[in-house]
Amino acid sequence: QRRPSILREVSFPHVSDPGQDAKLQELLQAVRRDHSILSTRPELLPDSVRRQVASPQFVARCMDDFDQRDRDRNGRLTPEEVAQLMLELCRGNTTVLTHQQVMQFISLFDSNRDGVISRREYIDLVKFVLASAALHAPPPPPPARGSVARASLPATGDPGRDAHLARLVEEIRA
């Protein structure tokens, strides 16, 4: 039985909050320096994503999703298959992706530099996309009048994280 994509709820609305943009830039810089940083340093992930990737079903869902995206069943996602994923993530905010943009996205996760995404690399890609989407999420509504508000920390605790991703997403939309 085919499960819905682990990324089915992910979308990237236009980033207008400079704090969000900075967070995305920092996350993107970290991933550029170390492809597997989101696996080795889970504290960089927003709390909601950290809980999701810690679940026993996470890797299985990633592998199911990978299998659905690997149309030619060769055990790797080609630039064409990754382009389709990128278009889905943009949810109609762009109609054209250049080969360079797709390869730039692949390079974020392609730890062995073979120009495709392996099953193992896909797990880091999913973590990154989920973290990026969480950072794009609108802030929760203010508590109703008279209710007790709970204090919460910023998603990553560092307002400078991830601005590069925001620019990449904007380039893709342009």
Side-chain angles (χ1 to χ4, degrees), residues 1-15 24 27-137 161-162 164-174:
Q1 178 182 347
R2 228 175 132 157
R3 288 193 259 188
S5 169
I6 192 166
L7 301 173
R8 75 184 177 287
E9 301 295 323
V10 173
S11 66
F12 291 96
H14 177 71
V15 177
L24 292 170
L27 182 60
L28 185 57
Q29 287 175 351
V31 171
R32 282 186 174 148
R33 286 189 304 269
D34 178 359
H35 301 285
S36 63
I37 197 164
L38 297 180
S39 293
T40 60
R41 303 257 329 268
E43 69 274 10
L44 296 175
L45 296 169
D47 291 338
S48 61
V49 176
R50 194 174 324 134
R51 284 189 300 273
Q52 186 176 1
V53 302
S55 78
Q57 300 86 7
F58 178 73
V59 171
R61 292 200 57 212
C62 286
M63 293 302 93
D64 285 350
D65 198 55
F66 181 94
D67 291 340
Q68 290 175 29
R69 294 181 186 287
D70 183 16
R71 292 187 307 256
D72 57 8
R73 303 288 182 236
N74 65 356
R76 54 196 191 151
L77 298 182
T78 63
E80 294 77 22
E81 291 163 332
V82 173
Q84 183 59 44
L85 166 64
M86 291 173 72
L87 288 170
E88 288 173 25
L89 292 174
C90 291
R91 302 258 194 265
N93 291 324
T94 187
T95 55
V96 177
L97 284 175
T98 67
H99 181 73
Q100 179 183 357
Q101 289 169 325
V102 174
M103 295 311 295
Q104 185 178 15
F105 187 72
I106 287 173
S107 74
L108 293 173
F109 311 100
D110 184 14
S111 58
N112 64 356
R113 301 285 186 226
D114 62 356
V116 295
I117 298 294
S118 70
R119 295 172 73 79
R120 183 185 51 77
E121 293 164 343
Y122 188 70
I123 293 170
D124 287 329
L125 181 151
V126 170
K127 288 178 184 179
F128 180 76
V129 169
L130 293 174
S132 300
L135 292 170
H136 271 94
R161 194 156 267 126
D162 296 340
H164 283 290
L165 175 64
R167 279 200 289 268
L168 179 61
V169 169
E170 291 304 312
E171 282 180 25
I172 291 168
R173 288 184 185 150

Can you give me the closest heavy-atom contact between [X] and [Y], atom names plus distance?
| X | Y | result |
| --- | --- | --- |
| Q104 | R32 | NE2-NH2, 3.4 Å |
| L44 | A30 | CD1-CB, 4.5 Å |
| R69 | Y122 | NE-OH, 3.0 Å |
| D110 | G115 | OD2-N, 2.6 Å |

Side-chain H-bond candidate by donor/acceptor type, Q100 with T98, under 3.5 Å: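 Judged by distance alone, the side chains do not pair up.
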
Interatomic spacing from CD in Q101 to CE in M86 - rounded to 0.5 Å: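 Q101 CD to M86 CE: 6.5 Å, rounded to 0.5 Å.
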
Rounded distance (nearest 0.5 Å) linking atom OG of S55 with atom CZ of R51: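 CZ of R51 is found 11.5 Å from OG of S55.
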
N/O donor-acceptor pair under 3.5 Å between Q68 side chain and D65 backbone: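 Side chain of Q68 to backbone of D65: no pair is present.
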
Any residue meeting side-chain contact (heavy atoms from CB on, under 4.5 Å) with V116, in chain and number order, not counting sequence neighbours: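 Result, side-chain contact (heavy atoms from CB on, under 4.5 Å) vs V116: R76, P79, D114.
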
Min side-chain heavy-atom separation [X]-[Y] under 4.5 Å:
| X | Y | answer |
| --- | --- | --- |
| K127 | D124 | yes |
| F105 | V129 | yes |
| D72 | D70 | yes |
| L108 | L28 | yes |

Pair F66-I123, side-chain contact (heavy atoms from CB on, under 4.5 Å): steps then yes or no: CA-CA 9 Å; F66 181 94; I123 293 170; over 6 Å; no

Under the side-chain hydrogen bond (donor to acceptor under 3.5 Å, both in side chains) rule, collect the residues that match up with [X], sequence neighbours excluded.
| X | value |
| --- | --- |
| R113 | H35 |
| Q84 | none |
| S118 | E121 |

Cationic N near anionic O, under 4.0 Å, D64 to R61: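 No salt bridge links D64 with R61.
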
Residues forming a salt bridge (charged side-chain N to carboxylate O under 4.0 Å, His left out) with R120, sequence neighbours excluded: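 With neighbours one apart ignored, the set is empty.
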
Pairing residues for D67 by the salt bridge (charged side-chain N to carboxylate O under 4.0 Å, His left out) criterion, not counting sequence neighbours: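 Result, salt bridge (charged side-chain N to carboxylate O under 4.0 Å, His left out) vs D67: R119.
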
L77 vs F109, side-chain contact (heavy atoms from CB on, under 4.5 Å): CA-CA, chis, key distance, verdict: CA-CA 12 Å; L77 298 182; F109 311 100; over 6 Å; no

Residues L125, L85; criterion side-chain contact (heavy atoms from CB on, under 4.5 Å); working and verdict: CA-CA 11 Å; L125 181 151; L85 166 64; 3.7 Å; yes

